[in-house]
Amino acid sequence: MSLRIVVPPLGTRASVECRPIVDGRDILTDVFDEGSAEDPRCLLGPNAPLNATNVPREVRLAEAGCTEGCCGAVYVTIKREGQQVVWSGWRNPDAEEVDLPEFRFDADEYEAEVHRATTDHSWEWPARTVARLLEQRLRERTDWLTTWDCELGAVSAWPWEPDQITIFLFHPGRSAIRADRPWLQFRMTIPVSGDDPADQAEHLEASLTAEDPRDVAEVCGGSKEFADQLGYPWPGPRRRARTAGEAGNTARQE
């Protein structure tokens, strides 16, 4: 088994995909044509869903472009049995069955491939690298969001917007959604330059953590009722995206 990262041409409205290849065959090709495979960030990472444990875990490998609830998705159950990793229990909520067999992989080889795919970032474009590094830095700064009663959602970079990143925040946090209390989602869009991605991530972290993020973001989720209760306009005003250089200058001034 290998994991192939497929990156569409930048500027096109298509997703980055993590596609499982078994014995040289893209196993999703013959059973699902309603949408793309999941983004690598959904399947890989420190707590990667593709990691196999003794406890079976159902993982979504692909979703319809119009959403799962409309035209389905592909799920597999992954578990470790001794020195083997088993993929079985294929499921599509929109179909009676998924015509794929049970697969068994050598556990050491499987874990090595998941690790390789997780640590190989050679396919990233600059904005995607900035987004990944910035999200890592921001998740280590829990004091920042605690101060402003916010929770980090994600830092994203998409092929159809190759020169910018988007930061999503929740106020007061996802727990408010689960508790059926007022909540809002905020969005910040920031241009990315051709400068060193690590330097840009460092400067952006310094800039973003120096101020209340809600003062430089726009409301993009929740409801007008919640916005009224929390004291924010609905929808929030669209602000001009700051460049990485401007963000760095802001950090140095503050």
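Looking at Pro20 and Leu3, their side chains come closer than 4.5 Å, going by heavy atoms from C-beta outward. Between Glu111 and Val85, every side-chain heavy-atom pair lies at or beyond the 4.5 Å cut-off. No side-chain heavy atom of Val192 sits under 4.5 Å from any side-chain heavy atom of Asp163. A heavy-atom distance below 4.5 Å is found between the side chains of Tyr75 and Pro93.
With hydrogens and angles disregarded, a donor-acceptor distance shorter than 3.5 Å links the side chain of Trp144 to the backbone of Leu208. With hydrogens and angles ignored, the 3.5 Å screen pairs a side-chain donor or acceptor of Gln200 with a backbone N or O of Ser193. Side-chain N or O atoms of Glu17 include none that pairs as donor or acceptor with a backbone N or O of Val6 at under 3.5 Å. Side-chain atoms of Arg80 never come within 3.5 Å of backbone atoms of Asn51 as a donor-acceptor pair (strictly under, hydrogens ignored). Arg214 places a side-chain N or O within donor-acceptor distance of the main-chain N or O of Trp148, the cut-off being under 3.5 Å.
Residues passing the salt bridge (Lys or Arg N to Asp or Glu O under 4.0 Å) test with Glu34, sequence neighbours excluded: none. Residues that satisfy the salt bridge (Lys or Arg N to Asp or Glu O under 4.0 Å) test with Arg25, not counting sequence neighbours, are Asp30. Partners of Arg57 according to the side-chain hydrogen bond (donor to acceptor under 3.5 Å, both in side chains) rule, which considers only residues two or more places apart in sequence or in another chain, do not exist here. For Glu205, the salt bridge (Lys or Arg N to Asp or Glu O under 4.0 Å) test picks out Arg137, Arg141, with sequence neighbours left out. Partners of Trp123 by ring pair (Phe, Tyr, Trp, His ring centres under 6.0 Å), not counting sequence neighbours: none found.
Linking Ile, Leu, Val, Met, Phe, Trp and Tyr whenever their side-chain heavy atoms come within less than 4.5 Å puts Phe32 and Val16 in one cluster. A single hydrophobic cluster is seen to contain both Val216 and Leu138, as judged by linkage of ILVMFWY side chains at heavy-atom distances under 4.5 Å, directly or through other members. Neither Trp158 nor Leu133 shares a network with the other; the hydrophobic side chains, linked directly or stepwise wherever heavy atoms of I, L, V, M, F, W or Y lie under 4.5 Å apart, form separate groups for each. Under the 4.5 Å side-chain heavy-atom criterion for grouping Ile, Leu, Val, Met, Phe, Trp and Tyr, Val86 is not connected to Val59 through any hydrophobic cluster. Under the 4.5 Å side-chain heavy-atom criterion for Ile, Leu, Val, Met, Phe, Trp and Tyr, Leu44 and Val22 are members of the same hydrophobic cluster.
Annotation: the span from Leu50 atom CG to Met1 atom CE amounts to 7.0 Å, rounded to 0.5 Å. Rounded to the nearest 0.5 Å, atoms CD (Glu113) and OG1 (Thr118) are 9.0 Å apart. Cys71 SG to Asn92 CG: the interatomic distance, rounded to the nearest 0.5 Å, is 9.5 Å. Atom OG of Ser2 sits about 12.0 Å away from atom OH of Tyr110, to the nearest 0.5 Å. Taking NE2 from His115 and CG from Asp120, the interatomic distance works out to 10.5 Å, rounded to the nearest 0.5 Å. Here the CZ atom belonging to Arg128 is positioned 11.0 Å from the CG atom belonging to Leu10, to the nearest 0.5 angstrom.
For Asp39 and Arg41, the salt-bridge test fails: no basic side-chain N is under 4.0 Å from an acidic carboxylate O.
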Practice problem: Would you please test Ile177 and Phe170 for side chain to side chain contact (heavy atoms under 4.5 Å, CB included) and show each step? | Solution: CA-CA 10 Å; Ile177 302 175; Phe170 290 92; 4.0 Å; yes
Quiz item: Stepwise, does the side chain to side chain donor-acceptor pair (under 3.5 Å) test hold for Thr129 with Glu124?
Solution: CA-CA 6 Å; Thr129 304; Glu124 295 179 340; 2.8 Å; yes
Exercise. Applying side chain to side chain contact (heavy atoms under 4.5 Å, CB included), run through Phe186 and Val219 and close with a yes or a no.
Key: CA-CA 4 Å; Phe186 288 80; Val219 174; 3.7 Å; yes
Practice problem: Any chance you could lay out the side chain to side chain contact (heavy atoms under 4.5 Å, CB included) test for Leu28 and Val98, step after step, and finish with the verdict? | Solution: CA-CA 10 Å; Leu28 294 176; Val98 176; over 6 Å; no
Exercise. Any chance you could lay out the side chain to side chain contact (heavy atoms under 4.5 Å, CB included) test for Leu152 and Leu169, step after step, and finish with the verdict?
Key: CA-CA 5 Å; Leu152 181 64; Leu169 301 166; 3.7 Å; yes
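Asp143 CG: more than 12 foreign heavy atoms inside a 6.0 Å radius. Residue Arg4 qualifies as open at atom CZ: its count of foreign heavy atoms under 6.0 Å is 12 or below.
When all heavy atoms of Ala201 and Val130 are compared, the closest pair comes out as CB-O, 4.2 Å. Between Ser156 and Phe168, the shortest heavy-atom contact is OG-CE1, 4.2 Å. Across Ser15 and Ser36, no two heavy atoms sit closer than the pair CB-OG, 4.0 Å. Nearest approach of Ile165 to Ala157, heavy atoms of both residues: CG2-CB, 4.3 Å. Nearest heavy-atom pair across Pro172 and Pro182 is CD-O, 3.5 Å. Smallest separation of non-hydrogen atoms from Ala37 and Cys18: CB-O, 3.5 Å.
By the 30° and 60° cut-offs, the orientation of the rings of Tyr232 relative to His171 is perpendicular. Between Trp90 and Trp87, the ring planes are perpendicular. Angles over 60° get that label, and only those under 30° would be called parallel.
With hydrogens and angles left out, the side-chain atoms of Gln136 and Glu140 include no donor and acceptor closer than 3.5 Å.
Residue pairs meeting the salt bridge (charged side-chain N to carboxylate O under 4.0 Å, His left out) criterion with at least one partner in residues 82-101, sequence neighbours excluded, are Glu58-Arg91.
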